[in-house]
> 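Sending over a structure as structure tokens; questions will come in a sec.
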Amino acid sequence: MVAVVTGAGSGIGKQTAVQLAEDGAKVVLAGRTKSKIDQAADEINEGLGQPAAVSFQADVTKEEDVKSLAQFIQQTFGDLHVLVNNAGTSGKSSIMDMEDSEWDRIQNTNLKSVFLVSKTLGRLMMNGEETTDRAIVNVASLSGHKAGAKIPHYSSSKAAVINFSRSLALEFAPYGIRVNSVSPGFAETPLTEEGLKNKRFEEAIQRNTALSRVGKPEEIARVITFAASKEASYMTGSDLLVDGGWLIT
Ligand code: NAI
């Protein structure tokens with residue numbers, strides 16, 4: 001099995017790449033920062049004691065980078081079974097204070113990239129052997145299900161990822177490609193590191209989460225790898241909320 005994870009240099013993406021490799025996949029770690037994806041790929045290969053991971057530098061908001069990634073996968077492996085669109089970013093601003101450029105930065109990174117990568121790598125997946133189960137998993141967010149203070153650009157991009165995934169699921173089903181999204185709640189990653197340094201913020205998360213704690217990247221990754229696996233062979237067009245019970249409180 002060949003898998004690609006975008007934004008695989010840290011956090012949830014890195015853990016997803018680790019788990020896919022442990023489950024026997026050849027994994028392409030795609031990301032913007034070469035040092036981070038190189039190091040993550042090295043760690044995976046050293047941990048497994050065999051070469052399972054390779055890195056490829058790509059900015060997923062840039063069509064030429066995404067095309068180069070597709071070419072690399074085609075030339076190296078000739079096929080692609082699993083795509084995890086994980087790359088994403090956040091920011092903090094009210095609607096009235098937000099510059100257009102900040103709106104575009106978040107929408108391009110979180111939403112346009114999912115369109116670009118799914119379209120370009122999806123073509124590669126469609127051309128593969130018909131009998132194999134194939135899957136795309138898009139990383140959305142709890143914030144795609146609710147409004148949050150000063151993250152209107154982030155929450156709207158993630159809500160769109162959830163619904164884009166449904167459209168993609170409909171369009172790709174005839175090709176045997178399942179598409180689902182995973183919506184994490186708060187997990188300890190570089191993305192949330194700054195916020196979690198604030199004790200009051202951490203306490204608010206604990207108060208608002210039924211399980212009373214922040215999640216670990218590996219707990220989110222396990223749900224992503226489940227959605228990508230044959231165990232989920234009858235699941236497409238779904239969103240899996242992994243939020244420690246935030247929405248039910
Ligand atoms: P992270 O910051 O560790 O991971 C994001 C990765 O994406 C980074 O390695 C970054 O370099 C990469 N990236 C960003 N823009 C890119 C681009 N244009 N091209 C290629 N790579 C790019 O943060 P985390 O938390 O692991 O985030 C992973 C995903 O999970 C994101 O989509 C995020 O929105 C989502 N998420 C995270 C939550 C959390 O609490 N950590 C909660 C809900 C969703």
> Quick one: which residue pairs count as a salt bridge (Lys or Arg N to Asp or Glu O under 4.0 Å) with a foot in residues 161-170, not counting sequence neighbours?
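For residues 161-170, and leaving out neighbouring residues, there are no salt bridge (Lys or Arg N to Asp or Glu O under 4.0 Å) pairs at all.
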
> Do L111 and L170 land in one hydrophobic cluster if side-chain heavy atoms of ILVMFWY residues count as linked below 4.5 Å?
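Different clusters: L111 never reaches L170 through Ile, Leu, Val, Met, Phe, Trp or Tyr contacts under 4.5 Å.
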
> Please list all pairs meeting salt bridge (Lys or Arg N to Asp or Glu O under 4.0 Å) that have one or both residues in residues 190-199, counting only residues at least two apart or in different chains.
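For residues 190-199: E194-K197, K199-E202.
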
> Would you check if D243 and P184 make a side-chain contact, meaning some heavy-atom pair closer than 4.5 Å?
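A side-chain contact is absent here, since even the closest heavy-atom pair is not under 4.5 Å.
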
> Going by atom types alone, do Q75 and Q71 pair a side-chain donor with an acceptor below 3.5 Å?
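Q71 and Q75 do not have a side-chain donor-acceptor pair below 3.5 Å.
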
> Between atom CE of M126 and atom CG of L80, what is the distance when rounded to the nearest 0.5 Å?
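It is 12.0 Å, given to the nearest 0.5 Å.
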
> Less than 4.5 Å apart, any side-chain heavy atom of L69 and any of D65?
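Contact flag for L69/D65 side chains = no.
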
> Applying a strict under-4.5 Å side-chain criterion to I, L, V, M, F, W and Y, I'd like to know whether L20 and V242 cluster together.
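Linked within one cluster.
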
> Measure across F186 and W246 and return the closest heavy-atom pair with its distance rounded to 0.1 Å.
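Closest heavy-atom pair between F186 and W246: CE1-CZ3, 3.8 Å.
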
> Please report the C-alpha distance between M1 and V82 in whole Å, then the side-chain angles of each, then the deciding distance to 0.1 Å, and finally whether the side-chain contact (heavy atoms from CB on, under 4.5 Å) criterion is met.
CA-CA 8 Å; M1 182 175 84; V82 167; 3.9 Å; yes

> To the nearest 0.5 angstrom, please state how far the CE atom of M125 sits from the CD1 atom of I73.
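Taking CE in M125 and CD1 in I73, the distance rounds to 9.5 Å.
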
> Just verifying a value: how many Å separate N86 CG and T6 OG1, rounded to the nearest 0.5 Å?
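Answer for the CG-OG1 pair, N86 versus T6, is 5.5 Å.
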
> Is there a donor-acceptor pair closer than 3.5 Å between any side-chain N or O of N163 and the backbone N or O of A159?
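Between the backbone of A159 and the side chain of N163 there is no qualifying donor-acceptor contact (under 3.5 Å).
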
> Using the side chain to side chain donor-acceptor pair (under 3.5 Å) criterion, which residues pair with S94? Sequence neighbours excluded.
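Result, side chain to side chain donor-acceptor pair (under 3.5 Å) vs S94: D97.
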
> Which ILVMFWY residues can you reach from M98 by hopping between side chains whose heavy atoms are under 4.5 Å apart?
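Members other than M98 - counting any ILVMFWY side chain reachable under 4.5 Å - are W103.
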
> Indicate yes or no: at least one non-hydrogen side-chain atom of V27 is less than 4.5 angstrom from one of V4.
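They are not in contact (no side-chain heavy atoms under 4.5 Å apart), so the answer is no.
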
> Decide side-chain contact (heavy atoms from CB on, under 4.5 Å) for E171 and V179; before the verdict, give the C-alpha distance in whole Å, the side-chain angles of both, and the deciding distance to 0.1 Å.
CA-CA 10 Å; E171 196 165 322; V179 184; over 6 Å; no

> Output every pair passing ring pair (Phe, Tyr, Trp, His ring centres under 6.0 Å) with a member in residues 208-240, not counting sequence neighbours, ordered by first then second residue.
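For residues 208-240, and leaving out neighbouring residues, there are no ring pair (Phe, Tyr, Trp, His ring centres under 6.0 Å) pairs at all.
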
> Tell me the closest heavy-atom pair linking A187 and T192, and the distance in Å.
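Scanning both residues completely, I find the closest heavy atoms to be O-OG1, 2.6 Å.
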
> Mark yes or no for whether K36, through its side chain, and G7, through its backbone, hold a donor-acceptor pair below 3.5 Å.
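Such a contact is absent between K36 side chain and G7 backbone.
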
> How close do N110 and G88 get, counting heavy atoms only, and between which atoms?
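Heavy-atom minimum between the residues: OD1-CA, 3.2 Å.
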
> Please give me the minimum heavy-atom distance between G195 and F201, naming the atom from each residue.
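Smallest heavy-atom distance, with atoms named: O-CD2, 3.1 Å.
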
> Can you list, pair by pair, the side-chain donor-acceptor contacts under 3.5 Å of residues 203-212, counting residues two or more places apart and other chains?
{"unit_1": "N208", "atom_1": "ND2", "unit_2": "A204", "atom_2": "O", "d": "2.8"}
{"unit_1": "T209", "atom_1": "OG1", "unit_2": "I205", "atom_2": "O", "d": "2.5"}

> Determine, using the 4.5 Å side-chain heavy-atom cutoff (strictly less than), whether F172 and M235 are members of one ILVMFWY cluster.
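They do not share one cluster, since no chain of ILVMFWY contacts under 4.5 Å joins F172 to M235.
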
> Which pairs with one or both residues in residues 79-96 pass salt bridge (Lys or Arg N to Asp or Glu O under 4.0 Å), sequence neighbours excluded?
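The answer is D79-R134.
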
> Would you say that V214 contacts L196 through its side chain, given a criterion of any heavy-atom pair below 4.5 Å between the two side chains?
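Yes, side chains in contact.
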
> In Å, rounded to the nearest 0.5 Å, how long is the span from CG of L124 to CG of L83?
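That separation rounds to 10.0 Å.
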
> Within this structure, what is the OG1-CG distance for the pair T89 and N108, rounded to the nearest 0.5 Å?
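Here the rounded value is 12.0 Å.
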
> Would you sort out whether K67 and E64 count as a side-chain contact (heavy atoms from CB on, under 4.5 Å), showing the intermediate values?
CA-CA 5 Å; K67 283 186 173 159; E64 61 273 23; 5.6 Å; no

> Please report the interatomic distance OG(S157) to CD1(I151), rounded to the nearest 0.5 Å.
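Rounded to the nearest 0.5 Å, the OG-CD1 separation comes to 9.0 Å.
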
> Considering only distance and modelled atom types, tabulate donor-acceptor pairs under 3.5 Å from the side chains of residues 53-60, sequence neighbours left out.
{"unit_1": "S55", "atom_1": "OG", "unit_2": "D38", "atom_2": "OD1", "d": "2.6"}
{"unit_1": "Q57", "atom_1": "NE2", "unit_2": "R32", "atom_2": "O", "d": "3.0"}
{"unit_1": "D59", "atom_1": "OD1", "unit_2": "T61", "atom_2": "N", "d": "2.9"}
{"unit_1": "D59", "atom_1": "OD1", "unit_2": "T61", "atom_2": "OG1", "d": "2.6"}

> Please tabulate, one pair per line, all N/O donor-acceptor pairs under 3.5 Å involving side-chain atoms of residues 136-143, not counting sequence neighbours.
{"unit_1": "N138", "atom_1": "OD1", "unit_2": "N85", "atom_2": "ND2", "d": "2.8"}
{"unit_1": "N138", "atom_1": "ND2", "unit_2": "S165", "atom_2": "OG", "d": "2.9"}
{"unit_1": "S141", "atom_1": "OG", "unit_2": "S143", "atom_2": "N", "d": "2.9"}
{"unit_1": "S141", "atom_1": "OG", "unit_2": "S143", "atom_2": "OG", "d": "3.4"}

> Under 3.5 Å, side chain of H81 to main-chain N/O of V2, donor-acceptor pair present?
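Yes; judged by distance alone, with no hydrogens or angles, the pair exists.
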
> Please give me the minimum heavy-atom distance between I95 and P152, naming the atom from each residue.
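Reported closest heavy-atom pair: CG1-CG, 3.5 Å.
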
> According to a hydrophobic-cluster definition based on side-chain heavy atoms being under 4.5 Å apart (Ile, Leu, Val, Met, Phe, Trp, Tyr only), do I177 and V182 belong together?
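No, I177 and V182 fall in different hydrophobic clusters.
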
> Would L29 end up clustered with V66 when hydrophobic side chains under 4.5 Å apart are linked, directly or stepwise?
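No; V66 is not reachable from L29 via cluster members.
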
> Quick one: do Q19 and Q15 satisfy side chain to side chain donor-acceptor pair (under 3.5 Å)? Show the steps, please.
CA-CA 6 Å; Q19 291 180 12; Q15 281 308 316; 4.6 Å; no

> Should side-chain heavy atoms under 4.5 Å link Ile, Leu, Val, Met, Phe, Trp and Tyr, which residues sit in the same cluster as I162?
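ILVMFWY cluster around I162 holds nothing else.
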
> Is any side-chain heavy atom of E102 closer than 4.5 Å to one of H153?
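Heavy-atom side-chain distance check passes, below 4.5 Å.
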
> Does atom CG of D100 have more than 12 heavy-atom neighbours, drawn from other residues, nucleotides or ligands, at distances under 6.0 Å?
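No, because the 6.0 Å sphere around CG of D100 holds 12 heavy atoms or fewer from other groups.
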
> Would a distance-only check, ignoring hydrogens and angles, find a side-chain to backbone donor-acceptor pair under 3.5 Å from T120 to V117?
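Judged by distance alone, no pair lies under 3.5 Å.
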
> Would you list the pairs meeting side-chain hydrogen bond (donor to acceptor under 3.5 Å, both in side chains) in which at least one residue belongs to residues 176-191, sequence neighbours left out?
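Checked against side-chain hydrogen bond (donor to acceptor under 3.5 Å, both in side chains) - neighbours excluded - the pairs reaching residues 176-191 are D133-R178, H145-S183, S181-D239, S183-D239.
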
> Which pairs count as salt bridge (Lys or Arg N to Asp or Glu O under 4.0 Å) when at least one residue sits in residues 211-225, sequence neighbours excluded?
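Qualifying pairs, neighbours excluded: D23-R222, R213-E219.
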
> For I106 and G91, work out which heavy atoms get closest and say how close.
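Between these two residues, the closest heavy atoms are CD1-N, 4.0 Å.
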
